[in-house]
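Below: one structure, written as structure tokens.
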Amino acid sequence: MNAGLDTLRLISGVGRKGPACFVVETGGKRLMLDLGEGPPPGLLPNVENLGPLDALVLSHGHKDHVGGLSLLAKLGNPPVYATDIVARGLPKGLPVRPLPISGTSEVLGIEVTTGRNGHAPGGVWLHFAIGDGFLYTGDFSTESILYAYEPPTKAAAIALVDCSYADYDRTIGECWSALEPFAERGPLLLPVPANGRGPEIALEFLRYGRTDICVDDAMNRALRQLCTTDTASVRADVDDDLKALAVTAKPIDGAQGIMLAASADGTSGASKALLERWEHASEPAIVFTGYRAPDTPADRLIKNGRAHFVRWNVHPRLADAVALARDVKAKTVIPAFCDRSHFDALAHAFAPAQVTMDGPVKL
Ligand SMILES: [Zn+2]
């Protein structure tokens with residue numbers, strides 16, 4: 001009845017790399033999608049003039065999607081919808097409401113369909129039955145060897161799509177080809193996110209035949225959760241390998257074996273201390289595999305030649321993002337989580353769909 005008034009506001013996360021934060025206005029209700037921080041620590045969406053919201057819906061538990069929860073008080077402390085796995089990692093005391101990891105439910109009377117995003121434990125994409133359909137992919141990957149991915153199937157005239165890698169198009173197989181030489185050498189340290197590509201990379205080294213895999217406490221906890229409480233996010237075909245990995249992995253004890261430790265950029269956690277210890281040593285080899293924000297240990301060690309960079313795909317390649325937009329029959333694509341400088345390349349790739357990085361967008 002209010003179809004003409006349904007809009008999507010791009011608060012943060014479109015036009016430049018920044019925290020995810022979007023607001024859907026429909027039928028007099030206002031839903032926020034994600035409320036992140038970073039990647040640079042402390043970078044928060046500007047919510048000063050938004051006023052109270054009716055709900056916050058979370059796609060997954062990564063910091064750039066949930067790290068801004070301290071702003072909830074400014075938004076009237078709305079209920080927070082999240083999958084059980086994501087909810088477990090949220091601060092205690094939030095008014096959390098359940099979101100299925102796969103299936104159809106209702107948020108404020110709006111039909112919402114979710115599916116596993118192939119990216120992180122508990123992570124989902126979200127389809128809203130608003131207008132001719134609206135899809136928010138959050139972060140997703142079609143290539144994960146560990147996390148299950150279910151392609152969205154419902155039509156969505158408007159699609160807000162993870163384009164973190166812009167026009168990058170290498171496969172995860174090519175990523176492993178670049179990483180594999182390190183499996184044949186001496187000790188190796190991989191600073192990783194424990195609730196993302198960390199367990200996935202460990203699994204690949206196990207399958208290669210390395211049994212000397214060593215992990216920090218965060219990775220150890222993540223591996224155990226993937227085998228117990230987080231199985232809903234795991235691909236059915238990795239069950240045995242994952243259990244073998246959880247049993248095989250030992251604590252990190254000196255520079256030996258394939259070591260995986262959080263955090264990914266070395267600013268906190270066990271990897272921070274290990275990098276400080278080994279920055280001026282010849283061993284172990286150090287490989288970073290994800291986005292590196294300026295002024296982080298990752299950035300510094302890659303620039304000074306001490307560490308290598310080998311990307312490990314956890315976001316869609318351009319071909320995957322384009323295929324998804326075509327599959328849901330998107331008429332308008334809003335590329336998220338990349339810089340505006342990629343606009344022309346993305347507009348060309350998504351054609352005939354129209355591409356925009358400017359809100360508000362009519363739903
Ligand atoms: Zn993520």
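Atoms within a ligand are numbered from 1 in the order they appear, just like the ligands themselves.
Within the 4.5 Å cutoff, no side-chain heavy atoms of Leu5 are placed close to those of Glu25.
Using a cut-off of 4.0 Å between Lys/Arg side-chain N and Asp/Glu carboxylate O, Glu111 and Lys154 are scored as salt-bridged. Salt bridge Asp64/Lys17: absent, no basic N to carboxylate O contact under 4.0 Å. Under 4.0 Å is where a charged nitrogen must lie from a carboxylate oxygen, and between Asp239 and Lys243 at least one such pair does.
Residues Phe337 and His315 keep their aromatic ring centres 6.0 Å or farther apart.
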Donor-acceptor contacts under 3.5 Å from residues 245-268 side chains, at least two apart:
residue: Thr248; atom: OG1; partner: Ala244; partner atom: O; Å: 2.6
residue: Lys250; atom: NZ; partner: Thr248; partner atom: O; Å: 3.4
residue: Gln256; atom: NE2; partner: Asp253; partner atom: O; Å: 2.6
residue: Ser263; atom: OG; partner: Asp265; partner atom: OD1; Å: 3.4
residue: Ser263; atom: OG; partner: Gly266; partner atom: N; Å: 3.3
residue: Ser263; atom: OG; partner: Thr267; partner atom: N; Å: 3.4
residue: Ser263; atom: OG; partner: Ser268; partner atom: N; Å: 3.3
residue: Ser263; atom: OG; partner: Ser268; partner atom: O; Å: 3.1
residue: Asp265; atom: OD1; partner: Thr267; partner atom: N; Å: 3.1
residue: Asp265; atom: OD1; partner: Thr267; partner atom: OG1; Å: 2.7

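Screening the protein for N, O or S atoms under 2.8 Å from the Zn ion (ligand 1) yields 4; no waters enter the count.
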